[in-house]
Novice: 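Before I ask anything, here is the structure I am working with.
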Amino acid sequence: MSKASIPKGTRDFLPSEAKKRAYLFDTIKAVFESHGYDPIETPAMEHLQTLLGKYGEEGDRLIFKILKRGDKFKAALQSGNDFADQALRYDLTVPFARFVVQHRSDLSFPFKRYQMQPVWRADRPQKGRYREFYQCDVDCIGTESLHAEVELLQIIETVFDRLGLSGVEVRLNNRKILMALAQYLNAEERLIEMTVIIDKLDKIGLRKVCEELSSIGFADDQIKKLVDIITLTGNPSVLFESLTDTFAQIPDGLKGVEELQFLFDMAKALNIKGLKLDLSLARGLNYYTGAIFEVTHPDFKSSICGGGRYDDLTSLFGLEGMSGVGISFGADRIYDLLEQKGLFDQNTSASAQVLFANFGEQEVKYAQNIAAKLRAEGIACEVYLERVKMKKQFSYAHAKNIPHVLSIGSEEIGGALLPIKNMASGETQKLSLEAIISLLNSKNDH
RNA sequence: GUGGCUGUAGCUCAGUUGGUUAGAGUAACGGUUUGUGGAUCCGUAGGUCGCCGGUUCGAUCCCGGUCAGCCACCCCA
């Protein structure tokens with residue numbers, strides 16, 4: 001007999017948790033759909049080649065690979081390599097790019113899709129980090145319009161607003177500015193190393209950032225120029241002006257500034273709040289080419305949402321000129337944060353509104369009949385399936401948080417009135433079926 | 001992949017300066033004479049004290065290893 005347990009970094013969800021998760025997913029989904037995004041799904045596993053090389057060196061290491069089976073596995077054993085040909089998806093964006101290329105003739109562009117599915121990473125689990133977790137992606141692909149970015153900003157604001165979570169910070173930057181920065185420092189080939197380091201600015205502080213830059217060979221004057229830029233703060237429009245001066249000779253930089261300026265202008269026009277320009281925001285995924293987003297909350301250590309624009313992702317699968325932008329909500333982290341802040345309580349309830357308690361087999365049959373009528377009226381209800389003591393049946397209703405118990409005994413069979421107990425008040429009243437239906441329906445409306 | 005902390009009942013934790021029958025709370029189950037729940041009361045059950053090895057007359061307690069969990073780094077949702 002093996003011990004009952006699940007793999008590291010995975011979780012079971014009890015009914016109370018699963019209901020809260022359903023509420024979270026439903027809320028996010030409703031916002032996505034209200035902006036015209038359609039759902040898609042892709043398989044849990046992809047060809048290993050589809051995923052490899054898309055997430056950087058670190059990312060490749062964290063991909064869960066699936067062992068070959070049978071003769072192919074034996075052959076791999078003998079050669080000592082190529083043990084895997086498939087892998088669990090690492091995120092939803094790369095499979096989405098694959099999907100778009102593969103099904104391009106069935107899609108009309110710009111294509112707006114959402115996708116809420118689990119992804120897997122062979123990371124070491126810790127607070128806010130799981131090996132299996134859900135991402136809720138929205139992407140708009142096939143347009144370069146910056147209005148797509150604006151729409152994502154609206155979605156972010158609406159989602160957290162509906163979840164009742166205040167205080168979220170949406171940090172914004174643009175990869176073109178980071179590229180320009182590398183050019184400005186004559187360090188274009190160090191772009192990735194550089195961005196990884198400056199991304200840590202708010203975490204490790206300016207001094208350590210300088211040390212790290214120095215340790216990978218940046219000269220002091222380069223570091224100074226860089227620091228002067230990434231530590232710029234204040235009013236975005238003033239900031240944009242000074243960046244425009246700095247990047248006067250660098251087209252990428254000017255473009256990036258212009259794009260950011262547009263987003264901030266639009267956000268102001270649409271009254272989107274909580275936006276913050278952060279020139280040190282880099283994000284690890286290397287396929288981003290334009291706007292990059294990251295959403296954080298002061299009470300949570302890691303980001304709860306992130307994304308950006310990618311111009312060339314589909315070209316990895318043979319389709320050029322397909323720019324897209326998307327973000328991903330980290331459902332599990334958002335769940336943890338909502339739980340931590342006690343924002344779930346008023347939003348979840350019992351599945352059934354009524355439990356039918358019974359005194360025997362005949363009564364169960366009778367109860368099933370009435371239950372079917374209630375369900376036809378849109379009232380969720382449940383029949384206790386066997387004859388056990390009333391105490392046990394009422395305890396069951398209590399444990400499941402079912403607000404009403406309707407007892408069926410020999411007296412009730414064929415009778416006009418049914419005793420329905422309100423579990424919160426403890427009061428029992430005898431009502432006709434019609435009265436019960438209208439009582440429960442009136443509660444439904446709220 | 002690197003480092004730190006922890007590992008006693010389903011859960012939360014006591015405890016033994018190493019000594020023979022390891023405790024509590026809570027949850028579960030049952031009972032208070034079979035038509036009524038939510039911390040009324042009573043009772044029952046549940047532990048190879050993570051696993052392996054060492055020291056010792058003796059280890060749940062000390063030491064080593066191992067596994068697992070948590071936290072941090074890396075990286076990320």
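Since this is a predicted model, take the numbers as computed values, not measurements. Per chain, numbering begins at 1; letters A, B, ... match sequence-line order.
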Novice: Using whole Å, what does the distance between atom P of nucleotide B:G1 and atom CD of A:Glu57 come to?
Specialist: 16 Å

Novice: At 4.0 Å (heavy atoms only), tell me whether A:Ala399 reaches a base, stays on the sugar-phosphate, or touches nothing.
Specialist: nothing

Novice: Any strand is fair game: report the nucleotide pairing with B:G18 by Watson-Crick or G-U wobble, both distances under 3.5 Å, or none.
Specialist: none

Novice: Is there a donor on the side chain of A:His398 or the base of B:G38 sitting less than 3.5 Å from an acceptor on the other?
Specialist: no

Novice: Quickly, which of A:Arg11, A:Arg131, A:Arg129, A:Arg121 forms a salt bridge (charged side-chain N to carboxylate O under 4.0 Å, His left out) with A:Asp332? Name it, please.
Specialist: A:Arg11

Novice: Mind calculating the distance between CZ (A:Phe394) and P (B:G38) to the nearest angstrom?
Specialist: 11 Å

Novice: Taking OH from A:Tyr384 and C1' from B:G37, how many angstroms apart are they, rounded to a whole number?
Specialist: 12 Å

Novice: Looking only at atom C1', what distance separates B:U17 and B:U60, rounded to whole Å?
Specialist: 15 Å

Novice: Within this structure, what is the CE-to-C1' distance between A:Met423 and B:G37, rounded to whole angstrom?
Specialist: 4 Å

Novice: Measure OH/A:Tyr396 against P/B:C29 and give the value in whole Å, please.
Specialist: 12 Å

Novice: Could you state the atom-to-atom distance from NZ of A:Lys392 to P of B:G38 in whole Å?
Specialist: 12 Å

Novice: Across all strands, who's sitting opposite B:G38 as a Watson-Crick or G-U wobble pair, both distances under 3.5 Å?
Specialist: none

Novice: Determine whether the side chains of A:Tyr184 and A:Asp252 contain a donor N or O and an acceptor N or O closer than 3.5 Å.
Specialist: no

Novice: Answer with yes or no whether A:Lys421 presents, from its side chain, a donor or acceptor under 3.5 Å of a partner atom in the base of B:U36.
Specialist: yes

Novice: Any chance you could list the contact pattern along nucleotides 70-77 of chain B? Use B for base contacts, S for sugar-phosphate-only contacts and - for none, protein heavy atoms under 4.0 Å, 5' to 3'.
Specialist: -SBBBBBB

Novice: I'd like the C1' distance from B:U20 over to B:A24, given in whole Å.
Specialist: 22 Å

Novice: Say you pick atom P in B:C29 and the same atom in B:C70; how far apart are they, in whole Å?
Specialist: 29 Å

Novice: Are the side chains of A:Asn174 and A:Leu178 in touch, meaning some heavy atoms are under 4.5 Å apart?
Specialist: no

Novice: Could you tell me whether A:Gly56 contacts a base, only the sugar-phosphate backbone, or nothing, with contacts defined as non-hydrogen atoms closer than 4.0 Å?
Specialist: nothing

Novice: State, without any angle test, whether A:Arg309 and A:Ser323 hold a side-chain donor-acceptor pair at a distance under 3.5 Å.
Specialist: yes

Novice: Does B:G1 pair with anything, Watson-Crick or G-U wobble, both distances under 3.5 Å, and if so, with which nucleotide?
Specialist: B:C73

Novice: Distance check, P atoms only: B:C42 and B:U26, in whole angstrom units.
Specialist: 11 Å

Novice: Describe, in one word, how the ring planes of A:Tyr55 and A:Tyr90 are oriented to each other, choosing from parallel (under 30°), tilted (30 to 60°) and perpendicular (over 60°).
Specialist: tilted

Novice: Taking atom C1' in both B:A39 and B:A27, what distance in whole Å separates the two?
Specialist: 12 Å

Novice: Run through A:Lys65, A:Arg98, A:Arg89 and flag the one making a salt bridge (charged side-chain N to carboxylate O under 4.0 Å, His left out) with A:Glu46.
Specialist: A:Arg98

Novice: When the P atoms of B:G38 and B:G31 are compared, how many Å lie between them, rounded to an integer?
Specialist: 14 Å

Novice: How long is the line joining NZ of A:Lys391 and P of B:U32, in whole Å?
Specialist: 10 Å

Novice: Please confirm whether the ring centroid of A:Phe25 lies under 6.0 Å from the ring centroid of A:Phe32.
Specialist: no

Novice: Taking atom C1' in both B:U8 and B:U48, what distance in whole Å separates the two?
Specialist: 12 Å

Novice: State the pairing partner of B:G10; accept Watson-Crick or G-U wobble contacts with both distances under 3.5 Å, and report none otherwise.
Specialist: B:U26

Novice: Please work out if A:Glu412 contacts a base, only the sugar-phosphate, or nothing of the nucleic acid, heavy-atom cut-off 4.0 Å.
Specialist: base

Novice: Angle between ring planes, A:His103 versus A:Phe99, binned at 30° and 60°: parallel, tilted or perpendicular?
Specialist: tilted

Novice: Who does B:U48 pair with, Watson-Crick or G-U, both distances under 3.5 Å?
Specialist: none

Novice: Look at the side chain of A:Ser395 and decide which nucleotide, out of B:G30, B:G37, B:G35, has an atom nearest to it.
Specialist: B:G37

Novice: Across all strands shown, which nucleotide pairs with B:U55 by Watson-Crick or G-U wobble geometry, both distances under 3.5 Å?
Specialist: none

Novice: Mind checking the P distance from B:C63 to B:A22? Whole angstroms is fine.
Specialist: 24 Å

Novice: Give the rounded distance in Å between these two atoms: CG of A:Leu418 and C1' of B:G35.
Specialist: 14 Å

Novice: Side chains of A:Gln135 and A:Asp91: any donor to acceptor distance under 3.5 Å?
Specialist: no

Novice: Scan A:Gln393 against the nucleic acid and name what it touches under 4.0 Å (heavy atoms): base, sugar-phosphate only, or nothing.
Specialist: nothing

